[in-house]
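Each remark here refers to the structure printed beneath this line.
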Amino acid sequence: MTLVQPGSGPVQVEQGRVHSAVAPHDVYFIDTSKPCEVATVDAPIKGIGLDLPRSQLPLPPSTSLDAVVGRRLSGRHGFGALISQVLLHLVDQAEAYGPADGPRLHRVLLDLTAGLLAEGLDQEPALSPEARSRNLVLAVRSFIGGNLHDPRLTPAAVAAAHHISTRHLHRLFQQEGTTVAALIRNRRLERARRELADPGLADTPVHAIAARCGFGSPAHFSRVFRAAHGMSPSDYRYVGIRASSEPSD
């Protein structure tokens, strides 16, 4: 699998009877056991590649992938967007992971790749129940991260956006050792913390930061921020910006 990145020219991919022009932000698969051709005309190919053994994908062995190899698949929505986010994050933050993280990352990539293939084949029920559950959790996490600014983001809204019941959503995250409400709150607090510590946002009022992080009430934001960090948002900003402006020895 290759995620084509900005800076790459349109990639011409041909395998079997399938021929596609794959643009940046798109994804394509090839079967390395069969002849294929990948080329571009006027620009280099820039992308992130992932080699996965077919036998390890959580898809029934009888699932034929012939209809998807060589095809352009979007990396902007659905499983394509999820796997694009994960791959870009892993490339940008590779130093944040150690050998102990390998098995979990391997499983995440296998699940998302299988989800993208099943989506491209219109055979999403072919995914194993375990893979579907893991991918749903990743999709929910991604959805929450993209909607933190919305004060209407609640567990009920998250469940409705993914066409599942709130009870089902809570069961999924019980297995993750957290709750959806706690995840939303903690992600909002972390985003607010980063913005308060950013010298470039020193002139942005605290209540404006609270609002764009999804906190509907400045008083509520101040209360939960103090509970999490032991000081008010204003004090945290003052301490953080002062520390960043002091010359290092």
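On a predicted model such as this, the values are computed, not experimentally measured, just so you know. For the single chain, residues carry numbers from 1 onward in sequence order.
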Please list every donor-acceptor pair under 3.5 Å in which a side-chain atom of residues 167-174 meets a protein atom from a residue at least two apart or in another chain.
none

Quick check against the 3.5 Å criterion: does Arg72 have a side-chain atom that pairs as donor or acceptor with the backbone of Ala21?
no
Could you report the tightest heavy-atom contact between Leu138 and Leu82, atom names first, then the distance?
O-CD2, 3.8 Å
Taking 4.0 angstrom as the limit, do Asp66 and Lys34 come out as a salt bridge?
yes
Find out whether Leu73 and Val22 are in side-chain contact, i.e. whether some heavy atom of one side chain is under 4.5 Å from a heavy atom of the other.
no
Between Ser142 and Gln85, is any side-chain donor less than 3.5 angstrom from a side-chain acceptor?
yes
With a 6.0 Å cut-off (strictly less than), is the heavy-atom count around CG of Asp122, excluding the residue itself, greater than 12?
no
Relative to the ring of Phe143, is the ring of His162 parallel (under 30°), tilted (30 to 60°) or perpendicular (over 60°)?
perpendicular
Under a 3.5 Å cutoff, is there a donor and acceptor pairing between the side chains of Gln56 and His106?
yes
Assess whether a salt bridge exists between Arg212 and Glu195, defined as any Lys/Arg side-chain N lying under 4.0 Å from an Asp/Glu carboxylate O.
yes
Does Arg134 come within less than 4.0 Å of Glu176, counting only side-chain N to carboxylate O?
no
With a 4.0 Å cut-off on N to O distance, would you call Arg194 and Glu190 a salt bridge?
yes
Nearest heavy-atom neighbours spanning Arg71 and Ser20
CA-OG, 3.3 Å
Looking at every heavy atom in both Arg141 and Arg187, which two are closest together, and how far apart are they?
O-NH1, 3.7 Å
Would you please test Ile83 and Leu3 for side-chain contact (heavy atoms from CB on, under 4.5 Å) and show each step?
CA-CA 9 Å; Ile83 199 165; Leu3 168 65; over 6 Å; no
Where Ala118 and Leu127 come nearest, the two heavy atoms and their spacing
CB-CG, 4.1 Å
When every non-hydrogen atom of Ala157 is compared with those of Arg152, the smallest separation belongs to CB-O, 3.6 Å
I'd like to know whether Thr113 forms a side-chain contact (heavy atoms from CB on, under 4.5 Å) with Phe79, so could you lay out the CA-CA distance, the side-chain angles of the two residues, the decisive distance to 0.1 Å, and finally the verdict.
CA-CA 8 Å; Thr113 301; Phe79 282 105; over 6 Å; no
Check whether the side chains of Tyr236 and Arg193 place a donor and an acceptor atom closer than 3.5 Å, and report yes or no.
yes
As an exercise, state the distance from CG of Leu117 to CD of Gln123, rounded to the nearest 0.5 Å.
10.5 Å
Donor-acceptor pair, Arg191 side chain versus Asn186 backbone, under 3.5 Å?
no
